[in-house]
Structures are given as C-alpha cells and as structure tokens.
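Please read the structure below before turning to the comments.
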Amino acid sequence: MPDPPNATIAELFDELADLYELDGAVVHRVLAYRNAAKAVREAPRSVSAMTREGTVTQLPGIGKTLQDKLVALLDTGEIPSLTRLRSEFPPGLIEMTRLPGLGPKRARKLYDDLGIDSLDALRAAAETQKLRDVRGFGPKFEEQVLASFAAGVAEKPKPRTLLPRALEIAEAIIAPLREHPASGRVELAGSARRLADSVKDLDIIATASDPPALLKAFAELDVIERTGTPGDNAARGRTHTGLDIDLRVVEPDQFGNLLQHFTGSKAHNVAIREAAVRRGLHVSEYGISDDATGETLRCETDGAVYERLGLPYIPPELREDRGELKLAPDAVPVLLEQTDLRGDLHMHTTASDGRHSIEQMARAALELGLEYIAITDHSATHGFGNHVTPDHLREQIEKVRAADDAIEGIRVLIGTETNIGLDGQPDYDDDLLGELDWVIASVHTSFAMDMTDRLCAAMEHPLIDAIGHPTGRKITTRAPYAVDMDRVIETALATGTMLEINSAPDRRDLNDLHARDAARAGVPILVDSDAHGTDRLPNTRWGVATARRAWLTAADVANTRPWDEFRALTKHGRR
DNA sequence: GCCGTTTTCGGCCCGACTGTTTTCAGTCG
C-alpha cells in the first residue's frame with residue numbers, strides 16, 4: 001500500500017477531532033487534533049516519510065501520541081482510536097453538525113436521547129415535533145431545523161467564490177459606499193484581503209458619520225439581493241450571485257482593531273492572541289487591553305495593532321500562522337509585485353486554442369510593460385483547438401521571428417507548451433525542440449495515474465525548461481492529481497527545471513504552499529499568465545497573489561530578470 | 001493532546017448571540 005499523502009492524513013486527524021468532540025473530549029484535545037490536521041496539511045514534506053524517519057514531531061502540534069498514531073497508520077493501515085470511534089458514532093452524526101445551531105454536543109444529545117443518527121432522521125423528528133421533548137431543545141429549534149432543510153443547507157456546503165469574482169463584487173460594494181456622504185474609511189477584510197484562492201464570504205469594515213445611513217445605502221445597492229435586519233453598526237447581506245457580505249461600521253479609533261481582526265486568518269489571530277497573553281496583553285476586535293495598566297489601546301490602523309504587539313507589519317497575504325509571527329522586524333520579505341515581472345513565458349495564439357495572433361499578443365504584452373514573451377501553443381497530441389504539427393511548428397518559428405523583428409520594444413520568443421506523454425516524454429523530437437527558445441511541458445491527459453514519475457521523467461529531458469501547472473488542480477472543480485511534491489522539487493533542482501505558478505485564476509498552480517517549498521529549495525519559480533487572449537495577459541495578478549502568499553520576493557521568481565539573465569537559467573540557454 | 005526564558009503540570013484567544021434556562025452552555029466567526 002502506498003504511503004498516505006498529507007491531505008489524507010490531515011483528513012483523518014480532522015475526522016478524529018470531530019469524533020472526539022462527539023465523544024465529549026475536552027475542547028483542547030479536540031483543538032490539538034485540528035491543529036495537527038493543519039500542520040500536516042501545510043507540512044513542507046511528506047508526513048509519512050517524516051514518520052518513518054522519526055522526525056515528524058518536529059512539526060508544530062505533533063507530539064508523541066500523534067506520532068504513535070501515525071506509526072500505527074503506516075504499519076497497519078489504520079489508527080485504532082479512529083476505528084473504535086467510527087464504530088461508536090454513525091457518520092450521519094457529523095453531517096448533522098452542518099446545520100447552523102447544531103454542534104457536536106447537541107447532536108450527541110439527540111443521538112443519545114432519540115437515536116437520531118442522520119440528517120433524514122433529524123428532519124423526520126423535527127417534522128413530527130419530537131425534538132422539543134429533549135431537554136435543552138424547543139419549538140424554535142424545530143423551526144430552525146426545518147428552515148435549514150428548506151433552504152438546502154443540509155444538502156451540501158455552498159461553493160466558494162474564486163478570488164477575481166469576489167474582488168469584483170467587493171469593488172461594486174466598496175466603491176459606492178466610499179462615495180456615500182456618511183462614510184469615512186471603507187476597507188475590504190477577510191480572506192479576500194489575504195488574496196486567498198477562493199472565499200466563503202466578504203467582510204467589509206467601515207467608519208461613518210451616520211452609521212444607519214451607510215447601512216441603509218448598503219442594503220439598497222444594486223448588487224445586494226437582500227439583507228437581514230440591520231443592527232446599529234452591522235449588516236449582513238447577500239448578493240444576487242449568492243455571496244454573503246458582512247458590513248461592520250466602527251468608531252475611527254477602533255478601525256485598525258476591527259480590520260486586523262476581520263482580516264484574519266483565524267489561525268493567525270489565535271496565534272497572535274496566545275503570544276500576547278504571555279506578555280499580559282489581551283487582543284480582541286475592540287482593542288488591546290494591558291493587565292499591567294488596566295488600559296485598553298484602540299488602534300486606527302492595523303499597523304498600529306502589530307506595532308503595539310512588538311511585531312513588524314505583516315502583509316495580509318502572510319497572515320496564515322505559517323511562521324510570520326516569528327519574523328524579525330527586518331526579515332519580513334519584500335513580496336513580489338506584478339510590476340516586477342519582465343517576461344511572460346506561457347501563452348497561446350490562434351495556432352492552437354488562443355483567440356489572438358502572435359502580433360496581437362506581443363503588442364498587448366508590450367502595452368503591459370513586459371520586456372519578453374514566449375509564444376507557447378499546445379503541441380500536436382493535445383486535444384484542444386488546432387493541433388500544432390511539427391511542420392506547423394516550424395512555420396510558427398518563422399512567424400514568431402518575423403513578429404520579433406517587426407515589433408520594437410519587446411522580445412518575442414518561440415516556444416511550445418508540449419504535452420507530457422504517459423512515459424514523461426514530449427510530443428516533438430529533440431531536433432525540433434532544440435530549434436525553439438523555450439519549452440514548457442504540461443500534463444493534459446490521464447490525470448488518475450500517479451504523476452510523480454511522469455513529471456520527473458519530463459524534467460530529466462534536456463530540452464524541457466519548465467513544468468506548467470504542475471498539479472493540474474482547478475480550484476473549485478478538480479482536485480490536484482497524485483504527485484509527490486518532495487520528489488518533484490528535488491528533481492527540479494537536480495535537473496535545473498523551473499516550476500510554474502500558472503496564473504489562471506481557477507488554477508493558481510503551483511499553490512502557495514508548494515511554491516514556497518520549491519522556492520526555499522532553490523528552484524526558480526515562473527509566474528505565467530497562460531493567456532488565451534490579450535485580455536488575459538493581466539491574469540498574472542493572480543499568480544503574483546499566490547507568489548506573495550508563498551512569501552516569494554522578486555529574486556525567487558525567474559521572470560523578474562532581464563531576458564539575458566533569465567535565459568542563462570534555462571536549459572536552452574545553458575546548451 | 002501539545003507545550004514551556006514565568007511551567008514536565010497546568011495551562012491552552014476573544015466576544016457575541018441564541019434559545020432555553022432560571023444563570024448559561026453551546027455555537028459561531
């Protein structure tokens with residue numbers, strides 16, 4: 001049996017947390033499992049491998065007990081306590097806790113008293129008014145349960161919204177609110193401010209001379225479908241696209257506290273607060289109270305919050321409790337900016353499945369301030385758009401050379417996005433690949449197989465300069481394929497192959513964690529648009545967002561370099 | 001279950017809301 005990947009182990013720990021919670025364990029023990037799940041999910045290496053080496057307790061939140069459980073998992077394929085708890089609590093019990101207002105404690109009570117062990121059983125009991133017989137439950141709860149089923153909450157969790165769409169909606173709300181006469185500052189918070197891949201909802205923080213007026217203006221915006229009953233200083237609304245929006249209005253002298261709090265992440269805030277408590281400080285969304293003086297400090301900016309806590313300013317993209325709180329003041333990375341990019345090494349034209357010509361792409365790239373681009377149409381065996389046969393590619397070489405001559409101010413390079421075959425080999429023969437300036441290789445078929453050998457074989461090829469979208473994920477629709485990223489990074493380093501952060505907003509692949517690991521190992525990272533039209537060249541914004549979340553500086557990203565320096569990093573350039 | 005320049009034992013973030021309770025536990029963000 002192959003070693004379980006980190007994602008699988010993390011799921012098992014999360015499941016253990018859920019089950020121990022149903023079992024009535026103290027909250028801190030449950031929290032320990034959830035922390036461990038996060039640590040495993042974000043571990044830079046294979047947790048299975050670390051377990052075999054005996055180094056797994058180096059991960060934060062993994063101690064002796066969890067190490068033993070991991071050893072058992074690797075030896076026997078199961079964790080005994082998990083097997084026992086699964087036999088004790090039907091899986092429907094965890095599903096029941098998806099309903100708002102029903103947590104593990106109360107779900108357990110319904111199971112013990114009425115034998116309710118599934119969403120269906122719960123609904124039936126609510127319909128027949130049996131729930132009110134249980135101590136602690138009443139008619140209101142029955143109504144709530146039925147309302148939740150009617151709203152479809154029980155069926156499945158609402159899909160998350162991709163970042164570009166979320167920011168677009170945020171802008172459509174924030175811009176008019178900023179223009180409203182009653183408003184002061186209006187800022188986006190939450191995971192959208194952290195430029196996460198996708199968001200569950202939007203959090204907006206504002207100050208206002210007349211809060212009710214601003215809340216009313218919010219409720220009347222075109223994009224808002226409906227709002228709940230607004231409070232004095234907060235409103236929750238939903239857009240026509242189904243995205244929930246929380247708007248909070250706050251006094252100007254607390255704006256920074258609230259902005260910091262609602263920017264999160266939750267893990268970041270918890271870590272900040274725990275560290276603060278050790279220094280006699282208590283952080284909340286309303287201020288920082290000091291045990292020594294009894295006073296509470298309010299902050300106008302989120303920078304002031306970090307300053308009071310003795311921390312450097314931490315960019316929102318880093319606020320994930322991934323080591324940012326240990327940064328020395330002068331060690332906060334100067335994160336990559338979109339304007340740092342000088343080249344774009346992955347784009348398509350009408351030769352394959354793009355919508356614009358070589359010239360159109362080049363002129364658009366020039367407009368954006370790029371110094372060099374590579375035209376990388378799909379190769380012959382690719383199923384989308386036109387097949388670029390070897391003869392066709394030879395013609396493309398001439399066309400690209402001509403365009404390069406014709407257009408001043410930008411270097412236009414000929415490349416290909418060659419398909420990686422099942423055996424890890426490219427579509428074109430080496431002679432033809434050798435005539436190109438640049439080769440990026442990607443997987444587009446047979447996603448179900450273990451991809452590690454295939455990718456590593458491709459990287460061994462002397463004319464493959466980079467791997468495109470290395471895990472094949474589509475953020476809300478397709479899981480990454482099975483790939484041992486440790487080995488991929490190791491091989492990339494050994495073979496001098498670059499790894500791409502593909503900027504397509506539903507890909508952002510490599511993701512932030514993998515990109516961080518790869519860059520730390522010393523692998524040159526690419527940030528490419530993968531544009532299929534001139535209007536998509538600015539998509540590098542999303543790749544840059546991922547790079548920033550990966551702690552990358554301009555120096556970590558190969559295509560921030562001038563062409564001559566970039567070329568020296570490629571296999572083609574080193575020949 | 002983890003963790004330690006206040007600890008190898010006794011801690012482990014903060015606040016609001018809700019429905020059901022007679023003063024609060026559970027849930028949520």
Side-chain angles (χ1 to χ4, degrees), chain A residues 13-14 16-40 56-70 79 81-82 96-110 131-145 147-148 153 189-191 199-203 205 228-229 231-234 236 244-248 250 254 257-258 260-289 291-292 296 305 309 321 325:
Chain A
F13 281 171
D14 270 330
L16 269 167
D18 288 337
L19 289 166
Y20 272 124
E21 214 170 10
L22 286 170
D23 200 31
V26 292
V27 289
H28 302 109
R29 190 162 163 223
V30 173
L31 198 63
Y33 278 96
R34 296 209 195 287
N35 285 339
K38 177 180 188 286
V40 169
V56 76
T57 55
Q58 287 172 5
L59 291 174
I62 307 283
K64 181 75 175 68
T65 305
L66 289 181
Q67 180 181 37
D68 289 347
K69 288 180 197 286
L70 286 169
I79 300 173
S81 54
L82 180 58
M96 282 161 58
T97 64
R98 281 216 301 266
L99 292 195
L102 188 61
K105 291 279 198 306
R106 285 156 60 81
R108 172 71 190 272
K109 180 112 181 94
L110 293 178
L131 298 178
R132 64 186 63 180
D133 299 339
V134 182
R135 186 179 165 81
F137 294 80
K140 271 267 174 58
F141 178 72
E142 286 171 350
E143 276 173 38
Q144 214 183 83
V145 167
S148 294
V153 173
S191 51
V199 308
K200 186 167 65 68
D201 52 23
L202 290 177
D203 297 291
I205 315 294
T229 49
D232 292 339
N233 47 26
R236 168 162 270 245
D244 288 323
I245 319 285
D246 276 319
L247 173 63
R248 312 260 308 200
V250 62
Q254 284 180 313
N257 301 101
L258 219 73
Q260 194 284 325
H261 172 77
F262 277 99
T263 297
S265 66
K266 183 179 178 183
H268 172 84
N269 284 349
V270 168
I272 273 194
R273 290 168 178 194
E274 283 175 352
V277 166
R278 282 180 234 125
R279 305 175 50 194
L281 300 172
H282 303 275
V283 181
S284 80
E285 58 261 58
Y286 304 105
I288 302 171
S289 71
D291 285 343
T296 298
V305 174
L309 297 174
D321 191 25
L325 297 180

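Residue numbers start from 1 in every chain, and the chains themselves are labelled A, B, ... in the order their sequence lines are given, proteins ahead of strands.
Checking Ser81(A) against Lys69(A) by side-chain atom types alone, a donor-acceptor pair falls below 3.5 Å.
Rounded to a whole angstrom, the distance from the P atom of dC3(B) to that of dT8(B) is 16 Å. With C1' as the reference atom, dC17(B) and dT21(B) are 15 Å apart, rounded to whole Å. dT7(B) sits 47 Å from dT20(B) when the P atoms are compared, rounded to a whole Å. Only the P atoms considered, dG1(B) is 28 Å distant from dT6(B), to the nearest whole Å. Here the separation of dC13(B) from dG29(B), taken at their C1' atoms, is 13 Å to the nearest Å.
Under the 4.0 Å criterion applied to side-chain N and carboxylate O atoms, Arg236(A) and Asp203(A) are not assigned as salt-bridge partners.
Nucleic acid contact class of Lys200(A) (heavy atoms, under 4.0 Å, all strands): none. Contact annotation for Leu99(A): backbone-only contact, meaning every heavy-atom pair under 4.0 Å involves sugar-phosphate atoms and none involves a base.
Arg279(A) places its CZ atom 18 Å from the P atom of dC12(B), with the value rounded to the nearest Å. The NZ atom of Lys109(A) sits 17 Å away from the C1' atom of dT27(B) (whole-angstrom rounding). The CG-P distance, from Asp201(A) to dC28(B), rounds to 15 Å in whole Å. As a whole-Å value, the separation of Glu274(A) CD from dG10(B) C1' is 15 Å. Between the NE2 atom of His261(A) and the C1' atom of dG29(B) there is a distance of 7 Å, given to the nearest Å. Residue Leu131(A) contributes atom CG, which lies 15 Å from atom P of dG19(B) at whole-angstrom precision. Computed from coordinates, the Leu258(A) CG to dC14(B) C1' distance equals 13 Å when rounded to whole Å. Remark: P of dG1(B) and NZ of Lys69(A) are 5 Å apart, rounded to the nearest angstrom.
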Legend entry - Check against salt bridge (Lys or Arg N to Asp or Glu O under 4.0 Å), Asp23(A) and Arg29(A): CA-CA 11 Å; Asp23(A) 200 31; Arg29(A) 190 162 163 223; 6.0 Å; no
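The listed nucleotides are dC12(B), dT20(B), dG26(B); the one nearest the side chain of Arg106(A) is dG26(B). Side-chain proximity of Lys266(A) to the nucleotides dG26(B), dC13(B), dG1(B) is greatest for dC13(B). Among the nucleotides dT20(B), dC14(B), dC13(B), the one closest to any side-chain atom of Phe141(A) is dT20(B).
Between Lys140(A) and Asp246(A), the residue anchored closer to the 5' end of DNA chain B is Lys140(A), taking for each the nucleotide with the nearest heavy atom. Along DNA chain B, the nucleotide nearest Val134(A) and the nucleotide nearest Gly101(A) are compared for position; the residue whose nucleotide lies closer to the 5' end is Val134(A).
Ser148(A) approaches Leu99(A) most closely through the heavy-atom pair CB-CD2, 4.0 Å.
For the pair Ile288(A)/Val305(A), a side-chain contact is recorded, criterion being any heavy-atom separation below 4.5 Å from C-beta on. Within the 4.5 Å cutoff, the side chain of Phe137(A) has heavy atoms near those of the Lys109(A) side chain.
With a 6.0 Å cutoff to the six-membered ring centre and a 45° limit on the axis angle, Arg132(A) does not count as a cation-pi contact of Phe141(A).
Distance alone, capped at 3.5 Å, is enough to place a donor-acceptor pair between the Arg106(A) side chain and the Gly136(A) backbone. In this structure, Glu142(A) contributes its side chain and Leu131(A) its backbone to a donor-acceptor pair below 3.5 Å.
Contacts between residues 23-31 of chain A and DNA chain B, defined by a heavy-atom separation under 4.0 Å, are made by His28(A), Arg29(A).
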Legend entry - Annotated protein contacts, base or backbone, on nucleotides 2-9 of chain B with a non-hydrogen cut-off under 4.0 Å, one of B, S, - each: SS------
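dT20(B): glycosidic angle beyond 90° from 0, hence anti.
Within the shown strands, dG19(B) is the pairing partner of dC24(B) under the Watson-Crick or G-U definition, both distances less than 3.5 Å.
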